[in-house]
Protein chains: 2
Amino acid sequence: MKATHKKKVTKTVKGDQTRALILETALEMFRERGYDETTMRAIAQKAGVSLGNAYYYFRSKEYLIQAFYQRMHDSHLAVALPALENEKTLKARLLTVMRTKIDTMKPYHQFAGVLFKTAAHPQSPLNPFSDESDPVREASIQLFDKVLDDAKARIPKDLRAELPYLLWVYSMGIVLFWIHDRSPKHRRTYRLIDHTVDLLDKLIHLASNPFMRPLRKQALRLVDELRDAAESLDDDKIETEMRG
Amino acid sequence: MKATHKKKVTKTVKGDQTRALILETALEMFRERGYDETTMRAIAQKAGVSLGNAYYYFRSKEYLIQAFYQRMHDSHLAVALPALENEKTLKARLLTVMRTKIDTMKPYHQFAGVLFKTAAHPQSPLNPFSDESDPVREASIQLFDKVLDDAKARIPKDLRAELPYLLWVYSMGIVLFWIHDRSPKHRRTYRLIDHTVDLLDKLIHLASNPFMRPLRKQALRLVDELRDAAESLDDDKIETEMRG
DNA sequence: ACGCTGATTTGAACACGTTCAACTATGAGC
DNA sequence: GCTCATAGTTGAACGTGTTCAAATCAGCGT
């Protein structure tokens, strides 16, 4: 992690093609054999390029995963958005989004374990809070914003503003559980989704009660603080890079 | 992670000494230079043993960290237990335990980042839910049990039973935040502790209200389910090993 | 054509974690 | 004291991710 975090940019059409070729090959091999079992040499060989060439386009093996995130989110959107059309209640909409999320990731279950290993590392580009995860993170949060938008539920403004972010964090928790879940067909994860969504729905309504206002305010202040801290993380990273 | 998860056991006094020597050397170097920058070769050399010998006592570099966990917990206990004598309320007791926890880990802040990287990996022996983390995990939960024991707070039995575990999970969350926290003297983490403990205290009292019984029951069922899943993870791991 | 610049590509080399077959030391039973 | 099984120890070798100086290519101005 000594290198800068700027993305490699291709300057020619040929470069684009080579980059795409390497990425496709890598993702295919990751899916079929897993991440650890797929070596950079094997990717390069199958893609028909040299080892060094792969590193010209991808700063490290980890960076190949970044594209995986993006693709996963795109696939999820393609399934979730149409499905949302039919659901009107907050609970049903949330359920839909979460279930389709797991549906989408299913083929990559084995592979996914490695994701969170590196994703949890503060300095990893895969860290969901890092600069480089920004686009896909924002897009994910936006999806939850949409979940709330067309739902008929009276939610106080202060809570409504933070809820998309909170739901995104919740969804990451579910994914973390799913990664560990080895029950057949991931039944446990689906059951967990059912139960947590039910609970969340109730909690949101409870928190929306005027009686809960003080406690809610306090909790939201806390959330704000956490987000601030997460964002300043990126600044520190940049500073560190400049120094050394 | 192909090897079995049984712990290496020394059979002779000399073995004990060598093992201890390697471990001390490793932890010292980790603290001074960080985990990634400390190579197994360097550890072996500084300890005056061969490279292969280090691997005779520690199945992998990761396993050296396991001992770190244990040591960290011992140090924490040594500070927290006396401090708890003076605190009677739940809130003050919880605050004491959390603050001393961070105090204890402070010297290892840089090092700690790597911990969670590997700890988040489902198949890592450092995974806090894994078999091998069992002793230190149980000990940590027990500490929170003690926090509750002498606190004068009326908590329903069902909640009281799960609370130590829940507080342990909470403490892991704080540690995770701390790892990412680069604010001077980790002020942000301490502030987060203050705020979350305050909130937790209120939530616990709220949840103890008879009015909340149904929701509380539902939430606790959920917690149970999560714990079951975490435990069955270990079984699956063993199965996988036997097959492969 | 030619040369020049910058993008792309190469493969050898490096450092690391890990494995393993072979070696040595220890000590219990005779 | 001798034998031998077991614990402990060694360092060479392997496969990996990553780096880098050098080679090649593509387009453009002349």
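All chains are named by letter (A, B, ...) in the order of the sequence lines, taking the proteins before the strands, and each is independently numbered beginning at 1.
Atom CD in B/Gln17 sits about 17 Å away from atom P in C/dA25, given to the nearest Å. A/Tyr63 places its OH atom 11 Å from the P atom of D/dT18, with the value rounded to the nearest Å. Separating the CZ atom of B/Phe58 from the C1' atom of D/dT9 is a distance of 15 Å, rounded to the nearest angstrom. Atom OH of B/Tyr57 and atom P of C/dT18 are 18 Å apart (whole Å). In this structure, B/Arg19 atom CZ and D/dA7 atom P are separated by 15 Å, rounded to whole Å. Rounded to whole Å, the distance from CG on B/Leu51 to P on C/dA15 is 15 Å. Following rounding to the nearest Å, B/Gln45 (CD) and C/dG17 (C1') show an atom-to-atom distance of 16 Å. Rounded to an integer number of Å, the gap from CG of A/Leu21 to P of C/dT8 is 15 Å.
Minimum atom distance to the side chain of B/Asn53 is reached by D/dT10, of the listed C/dT18, D/dT10, C/dT10. Listed candidates were C/dG17, D/dA7, C/dT10. Nearest to the side chain of B/Lys61 is C/dG17. Considering only side-chain atoms of B/Ser50, the nucleotide from D/dC25, D/dA7, D/dT9 that sits closest is D/dT9. Checked against C/dT9, D/dT18, C/dG17, the side chain of B/Thr39 finds its nearest nucleotide in C/dG17.
Here the straight-line distance linking atom CH2 of A/Trp168 with atom CG of A/Leu163 works out to 14.5 Å at 0.5 Å rounding. Expressed to the nearest 0.5 Å, how far CZ of B/Arg59 lies from CD of B/Gln66 amounts to 11.5 Å. In this structure, the separation between OG1 on B/Thr189 and CD1 on B/Ile174 is 7.5 Å, given to the nearest 0.5 Å.
Under a cutoff of 6.0 Å and an axis angle of 45°, B/Arg227 and B/Tyr165 form a cation-pi pair.
Donor-acceptor pairing under 3.5 Å, judged by distance alone, is present between the side chain of A/Arg41 and the base of D/dG17.
Between A/Tyr56 and C/dT9, a side-chain N or O to OP1/OP2 separation shorter than 4.0 Å is absent. For the pair A/Thr12 and D/dA26, the criterion of a side-chain N or O lying under 4.0 Å from OP1 or OP2 is not met.
Each of B/Met40 and A/Ala54 was assigned the nucleotide of DNA chain C with the nearest heavy atom; the assignment lying further toward the 5' end belongs to A/Ala54. DNA chain C is contacted by both B/Gly52 and A/Thr18; A/Thr18 maps to the nucleotide lying nearer its 5′ end (nearest heavy atom per residue).
A ring pair (Phe, Tyr, Trp, His ring centres under 6.0 Å) with A/Phe68 holds for exactly one of A/Phe30, A/Phe111, A/Tyr35, A/Tyr63; it is A/Phe111.
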